Amino acid sequence: MHPIEILASQLKPGRGWEEHLEGEFREPYMIALAEFLAAEESAGKVVFPASSQCFNALNSTPLDQVRVVILGQDPYHGPGQAHGLSFSVRPGVRTPPSLINMFKEIQSDLGVDPPDHGCLQSWAEQGVLLLNSVLTVVQGQAGAHQGKGWEVFTDRVIETVNREREGVVFLLWGNYARKKGQQIDRSRHLVLEGPHPSPLSAYRGFFGCKHFSRANEWLQGRGQQPVNWKLPDKQDLEAFTEAGP
């Protein structure tokens, strides 16, 4: 199989994304990206997340269920962390600082105690699209796969949500996410912007932004169920597969 066929096969059918994104896999930029990823692995580089999980955000959140989008930048580059959802790590992996600050804001905003893990899979399954701009990285090399084509593909994902859905809440934290979200039609969707939850910037306005309650108020005002931002306990995540890097 050609690398592009292998990559395309990781996007699961039946989630509503393929009819809008399948053409991307025939585009030169995406073919070049697939060949680049194959060459990285052939060279012995460890790429995160596992190839089977690079589209986890899309596979976990069908298009017709997207209610909230949280934009990230790159996957975590430490062993065992990334599993295809922005800001999220596998159960049992130490919660990263930015995610700790997200949990602090949720506690302040909604009175929800921080969880004992950092796996956001339950958010994804409630319609929260946890989308990174770049979907792969090399172990220990932050940003190693920037500028290789992923940004174009994820722009297409955002365009699809912007066009096909109505009344989605976009949470854009930090300059990178704000720039990425410039194409969003603010007459049809709610866009909440603020500083990144990183310890370097969270005190500049991320803390106190109340984006989580504001998202739920918007959804409820449109007759939708609010997102349950409280994560299940780690012991209740048995269904989550921990196979792969």
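No experiment lies behind these values; they were computed from the predicted model shown.
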Heavy-atom donor-acceptor pair, [X] side chain to [Y] backbone, under 3.5 Å:
X	Y	answer
H2	E35	no
N56	L85	no
Y176	Q73	no
T160	H20	no
D74	V134	no
Q126	N228	yes

Do [X] and [Y] have side chains that approach each other closer than 4.5 Å (heavy atoms only, starting at C-beta)?
X	Y	value
K45	Q139	no
L129	L71	no
Q65	R15	no
K12	W17	no
P115	K234	no
L190	L192	yes
Q225	L219	no
W150	S133	no

Between atom OG of S52 and atom CG of N59, what is the distance when rounded to the nearest 0.5 Å?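 So the gap between those two atoms works out to 9.5 Å.
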
Interatomic distance, I31 atom CD1 to R26 atom CZ [nearest 0.5 angstrom]: 9.5 Å

[X], [Y]: one ILVMFWY side-chain cluster at the under-4.5 Å cut-off?
X	Y	value
I184	L58	yes
V157	V137	no
W218	F170	no
L135	I6	no
I100	F207	no

For atom [atom1] of [X], decide whether the heavy atoms of other residues, nucleotides or ligands shown that lie under 6.0 angstrom number more than 12.
X	atom1	result
R94	CZ	no
Q107	CD	yes
Y29	OH	yes

H189 and its side chain to side chain contact (heavy atoms under 4.5 Å, CB included) partner, picked from V169, V69, N162: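 Passing option: N162.
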
Determine the sole option in E40, E151, H77 for which the side chain to side chain contact (heavy atoms under 4.5 Å, CB included) test with H145 is passed. E40

Please tell me whether Y203 and H196 form a close aromatic pair, meaning their ring centres lie under 6.0 Å apart.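 Centroid separation for Y203 and H196: 6.0 Å or greater.
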
Is the F153-F55 ring centre distance short of 6.0 angstrom?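 Yes: the rings meet the under 6.0 Å criterion.
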
Let me see the working for F87 and I70 under side-chain contact (heavy atoms from CB on, under 4.5 Å), right down to the final yes or no. CA-CA 9 Å; F87 293 99; I70 299 180; 3.8 Å; yes

CA sep, side-chain torsions, deciding dist, call: E217, R214, salt bridge (charged side-chain N to carboxylate O under 4.0 Å, His left out): CA-CA 5 Å; E217 289 167 3; R214 290 172 66 186; over 6 Å; no

Would you mind telling me which of R90, Q10, H83 makes a side-chain hydrogen bond (donor to acceptor under 3.5 Å, both in side chains) with Q53?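 Running side-chain hydrogen bond (donor to acceptor under 3.5 Å, both in side chains) over R90, Q10, H83 with Q53 returns exactly one hit, R90.
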
Taking atom types as modelled and ignoring hydrogens, do the side chains of K210 and S108 form a donor-acceptor contact shorter than 3.5 angstrom?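 K210 vs S108: no donor-acceptor pair found between side chains.
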
S86-N132 side chain donor-acceptor pair, cut-off 3.5 Å: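 No donor-acceptor contact under 3.5 Å links the two side chains.
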
After noting the C-alpha distance and the side-chain angles of V93 and Y76, does the key distance pass the side-chain contact (heavy atoms from CB on, under 4.5 Å) rule? CA-CA 11 Å; V93 176; Y76 298 118; over 6 Å; no

Angle between ring planes, F103 versus W123, binned at 30° and 60°: parallel, tilted or perpendicular?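 It falls in the perpendicular class, over 60°.
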
Please verify the inter-ring angle class for W173 with H211; under 30° counts as parallel, over 60° as perpendicular, anything in between as tilted.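 Parallel: the ring planes of W173 and H211 meet at under 30°.
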
side-chain contact (heavy atoms from CB on, under 4.5 Å) assessment of Q81 paired with F48: CA-CA 8 Å; Q81 292 181 301; F48 296 141; over 6 Å; no

Checking side-chain contact (heavy atoms from CB on, under 4.5 Å) for the pair K180/I158: CA distance, chi angles, key distance, verdict? CA-CA 9 Å; K180 182 84 170 172; I158 296 170; 3.6 Å; yes

Which pair of non-hydrogen atoms, one from G118 and one from L99, has the smallest distance, and what is that distance? O-CD2, 3.3 Å

